[in-house]
Amino acid sequence: MSEHLTPTPDIRVALVDAAIRAAVLQLGVSDEQHDFVGRIIASLPDAEACAGSEPMAILLDGEPIGFYRIETHPRSIADMDFPRVTLGLRSFFIDTRWQGRGLGTRALVAAMHDLARRHPSARDVVLTVNLRNAPALALYRRAGFRETGGLYHGGRSGPQFVMLCALPV
Ligand SMILES: CC(C)(COP(=O)(O)OP(=O)(O)OC[C@H]1O[C@@H](n2cnc3c(N)ncnc32)[C@H](O)[C@@H]1OP(=O)(O)O)[C@@H](O)C(=O)NCCC(=O)NCCS
């Protein structure tokens with residue numbers, strides 16, 4: 001069995017820096033999944049350029065297999081404000097070659113713990129997910145995200161649930 005298929009793969013998250021940037025730019029998803037997430041060639045430079053955005057890599061045994069970005073201004077997620085200090089999660093994906101092995105689930109747990117550690121004043125994480133994106137909905141619900149009840153109609157691929165989850169203490 002490959003070491004990547006062992007029950008406890010070494011999944012970590014890290015800010016994208018010069019050492020891993022080129023490898024992160026090689027990551028991608030299928031054409032159909034681009035309805036739900038932008039291309040890394042656009043999203044990485046955008047996150048690097050935006051004040052309040054953190055470009056993050058998902059690492060398996062130290063090698064990038066996925067990406068997401070954190071927004072410290074959560075209003076940019078769904079044009080709404082929150083009563084508690086809230087961070088936004090956007091553009092979360094696992095590269096096509098690594099999907100369906102439970103790595104997205106582990107990466108999300110690692111991301112939440114990383115946020116709790118690096119942003120101690122933050123209490124919640126918000127994201128939007130397309131109503132048609134069943135795998136992502138399953139992933140987020142399993143991680144503890146719940147629909148807020150509102151739908152977000154921004155974006156190019158149809159309505160999205162707005163989901164919220166408390167950070168671990
Ligand atoms: C969503 C995504 C990150 C999940 O990553 P992953 O590593 O494949 O996820 P996991 O293997 O940890 O598990 C995902 C869950 O979705 C389920 N799933 C997978 N394909 C599915 C499908 N076609 N329909 C319904 N559920 C599906 C899996 O069964 C699993 O749930 P389970 O453990 O209850 O069975 C990945 O599919 C992806 O990058 N998609 C494209 C980008 C995207 O849509 N990002 C979300 C933007 S909001």
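Indexing begins at 1, ligand by ligand and atom by atom, following the structure's order. Just so we're clear, the structure is a prediction, and the values are computed from it rather than from any experiment.
- Heavy atoms from other residues, nucleotides or ligands lying under 6.0 Å from CZ of Arg39 number 12 at most.
- Here Gln99 has heavy atoms under 4.0 Å from ligand 1 in both its backbone and its side chain.
- Among Gly66, Pro135, Gly100, the residue whose heavy atom lies nearest to atom 8 (O) of ligand 1 is Gly100.
- Protein heavy atom closest to atom 4 (C) of ligand 1, with residue, atom name and distance, is Leu139 CD2, 4.2 Å.
- The ligand atoms of ligand 1 that sit less than 4.0 angstrom from a heavy atom of Phe36 are 44 (O), 47 (C).
- Side chain of Arg106 to backbone of Arg12: no donor-acceptor contact under 3.5 angstrom is found.
- Protein non-hydrogen atoms do reach within 4.0 Å of atom 31 (O) of ligand 1.
- Between Arg69 and Glu54 no salt bridge is recorded (no basic side-chain N to carboxylate O distance below 4.0 Å).
- The shortest contact between atom 46 (C) of ligand 1 and any protein heavy atom is with Phe92 O, 3.4 Å.
- The shell of residues lying under 4.0 angstrom from ligand 1, judged by heavy atoms, excludes Leu127.
- Close contacts of ligand 1 with Thr128, meaning ligand atoms under 4.0 Å from a residue heavy atom, involve 48 (S).
- Between Thr105 and ligand 1, an N or O atom pair is found at a separation short of 3.5 Å.
- Note that atom 28 (C) of ligand 1 has no protein non-hydrogen atoms nearby, at separations under 4.0 angstrom.
- Each of the following atoms of ligand 1 lies closer than 4.0 Å to a heavy atom of Arg101: 11 (O).
- Among all non-hydrogen protein atoms, the one lying nearest atom 40 (N) of ligand 1 is Gln33 NE2, 3.6 Å.
- Annotation: side chain of Met56 is in contact with side chain of Asp114 (closest heavy-atom distance under 4.5 Å).
- An N or O contact shorter than 3.5 Å links Gly104 to ligand 1 by distance.
- Among protein heavy atoms, the minimum distance from atom 25 (C) of ligand 1 is reached at Ala134 CB, 3.7 Å.
- Taking distance alone, with nitrogen or oxygen atoms compared against 3.5 Å, Gly102 approaches ligand 1 more closely than that limit.
- Nearest non-hydrogen protein atom to atom 48 (S) of ligand 1 is Tyr140 OH, 3.4 Å.
- At a 4.0 Å heavy-atom cut-off, ligand 1 touches Asn133 through the side chain alone.
- Atoms of ligand 1 found under 4.0 Å from any heavy atom of Leu103 (numbered from 1 in listed order, with element): 7 (O), 12 (O).
- Close approach of ligand 1 to Ala136 is summarised as follows: ligand atoms under 4.0 Å from at least one heavy atom of the residue are 1 (C), 46 (C).
- In this structure, the protein non-hydrogen atom closest to atom 35 (O) of ligand 1 is Arg142 NH1, 4.5 Å.
- The shortest N/O to N/O separation between Phe93 and ligand 1 does not fall below 3.5 Å.
- Counting heavy atoms closer than 4.0 Å to ligand 1, residue Ile94 contributes atoms from both its backbone and its side chain.
- Linking Ile, Leu, Val, Met, Phe, Trp and Tyr whenever their side-chain heavy atoms come within less than 4.5 Å puts Leu44 and Leu27 in one cluster.
- At a 4.0 Å heavy-atom cut-off, ligand 1 does not touch Phe161 at all.
- Ring geometry, Phe92 versus Tyr140: the interplanar angle exceeds 60°, so the pair is classed perpendicular (tilted spans 30 to 60°).
- Screening Val125, Leu89, Leu103 for a side-chain contact (heavy atoms from CB on, under 4.5 Å) involving Leu108 leaves a single residue, Leu89.
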